[in-house]
Number of protein chains: 2
Amino acid sequence: MTQKQEQLSKNQQIVLNIIEKAKGPLKAYSILYNVQKRGIKAPLQVYRALEKLIEIGKIHKIESKNAFIACKNSDCEISKATAFSICNNCEHVKEIKNTKLSKYLSNFEDNSGMKYKKYNLEFFGLCKDCKLKQ
Amino acid sequence: MTQKQEQLSKNQQIVLNIIEKAKGPLKAYSILYNVQKRGIKAPLQVYRALEKLIEIGKIHKIESKNAFIACKNSDCEISKATAFSICNNCEHVKEIKNTKLSKYLSNFEDNSGMKYKKYNLEFFGLCKDCKLKQ
DNA sequence: CTTAATTTGTTATAATATAACGTTTGTTAT
DNA sequence: ATAACAAACGTTATATTATAACAAATTAAG
């Protein structure tokens with residue numbers, strides 16, 4: 001009766017819970033402050049959990065923000081193909097789920113003949129709400 | 001006889017020179033060490049120059065590496081549309097110049113109806129040389 | 001069980017980036 | 001040319017993000 005399902009360790013689960021509950025991307029030290037009541041005391045404990053969670057595709061890093069967001073997209077298997085929409089005004093971040101886009105990018109080859117195994121795309125603009133408020 | 005051409009300040013020019021001479025992306029503090037002989041002493045002087053150079057499109061930031069590279073692509077006007085190919089092994093970074101790709105992404109709209117003003121795309125894989133050496 | 005691998009806890013420190021302040025330089029309009 | 005304004009500078013201090021190193025505890029597999 002071995003549990004073959006991806007089994008998270010204690011710290012990994014704590015960190016994932018925080019990130020999944022959050023409305024937007026969280027920064028590492030903000031995660032740290034949020035989990036101190038649950039026994040995690042040091043940055044490294046958070047960073048190690050983050051590293052693992054990224055590796056198994058449960059979360060993504062928003063590189064332009066140094067922040068971490070839960071994966072909502074079954075298409076980006078193990079974080080190999082990620083795309084985000086980021087509002088420059090309210091900082092809202094949404095993972096883009098678009099089959100055409102992901103196919104296009106996954107199959108992209110440039111003239112160097114290099115075949116890519118992974119990509120990360122970040123779009124910036126104004127979200128609907130912020131556009132209206134302008 | 002006014003000089004209407006984009007005129008860089010002293011520090012901006014020093015930093016740009018270093019970045020343009022480099023074979024790959026440079027990190028801010030590595031730039032700092034390289035320009036200390038030219039009178040720039042503090043991180044902030046480098047970061048301010050970097051900020052300006054990014055703003056006017058002379059350089060780009062490789063977000064996944066926190067490093068800065070000279071723009072070689074007249075298509076990415078003022079850094080609004082950037083794409084890079086990054087080798088996971090030798091860390092070689094190349095700006096991708098591909099009209100189809102940039103058109104595709106510049107015109108991309110997802111179902112949120114949000115129209116994007118800017119994007120940054122980073123591809124990862126093995127470059128030709130590193131693929132051969134495997 | 002025991003061996004190996006992973007995860008943890010902890011301290012210290014490295015690497016990246018910005019705040020705040022006052023001064024200097026450059027530009028524009030008179 | 002000079003006043004007024006904006007941009008860039010220099011400097012110190014500090015904030016933020018991330019990793020090194022090492023020993024102990026836990027978990028998975030044979």
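Remember, predicted model here, so these are calculated numbers, not experimental data. Protein chains get the first letters and strands the later ones, always in sequence-line order, with residue 1 at the start of each.
Without hydrogens or angle criteria, A:S106 side chain to A:S102 main chain gives a donor-acceptor distance under 3.5 Å. When atom types are taken as modelled, the side chain of A:E122 and the backbone of A:E63 share a donor-acceptor pair closer than 3.5 angstrom.
Proximity of the aromatic rings of A:F123 and B:F108 is defined here by a centroid distance below 6.0 angstrom, and this criterion is met. Checked against the 6.0 Å centroid criterion, the rings of B:Y104 and A:Y104 qualify as a close aromatic pair.
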| task | Verify ring-ring contact (aromatic ring centres under 6.0 Å, His included) between A:Y119 and B:F124, making sure each step is shown before the conclusion. | result | CA-CA 6 Å; A:Y119 69 78; B:F124 303 87; 9.4 Å; no
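Separating the CD atom of B:E51 from the P atom of C:dT16 is a distance of 18 Å, rounded to the nearest angstrom. In this structure, CD of A:E55 is placed 13 Å from C1' of C:dA5, rounded to the nearest angstrom. For the pair B:L26 CG and C:dT16 P, the interatomic distance rounds to 12 Å; values are reported in whole Å.
Salt bridge status for B:D110 with A:K94: present, with a side-chain N to carboxylate O gap under 4.0 Å. Ion pair A:K58/A:E20 not flagged as a salt bridge, since none of the NZ, NE, NH1 or NH2 atoms sits closer than 4.0 Å to an Asp/Glu carboxylate oxygen.
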| task | Assign a letter to each nucleotide of nucleotides 7-22 of chain D from its 5' end: B, base within under 4.0 Å of a protein heavy atom; S, sugar-phosphate only; -, no contact. | result | -SBBBB----BBBBB-
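A:C127 and A:C87 get closest at one heavy-atom pair: N-SG, 3.4 Å.
Where the helix from C:dC1-D:dG30 to C:dT30-D:dA1 starts and where it ends, the local axes point in directions that differ by 50°; five pairs per end, rounded to 10°.
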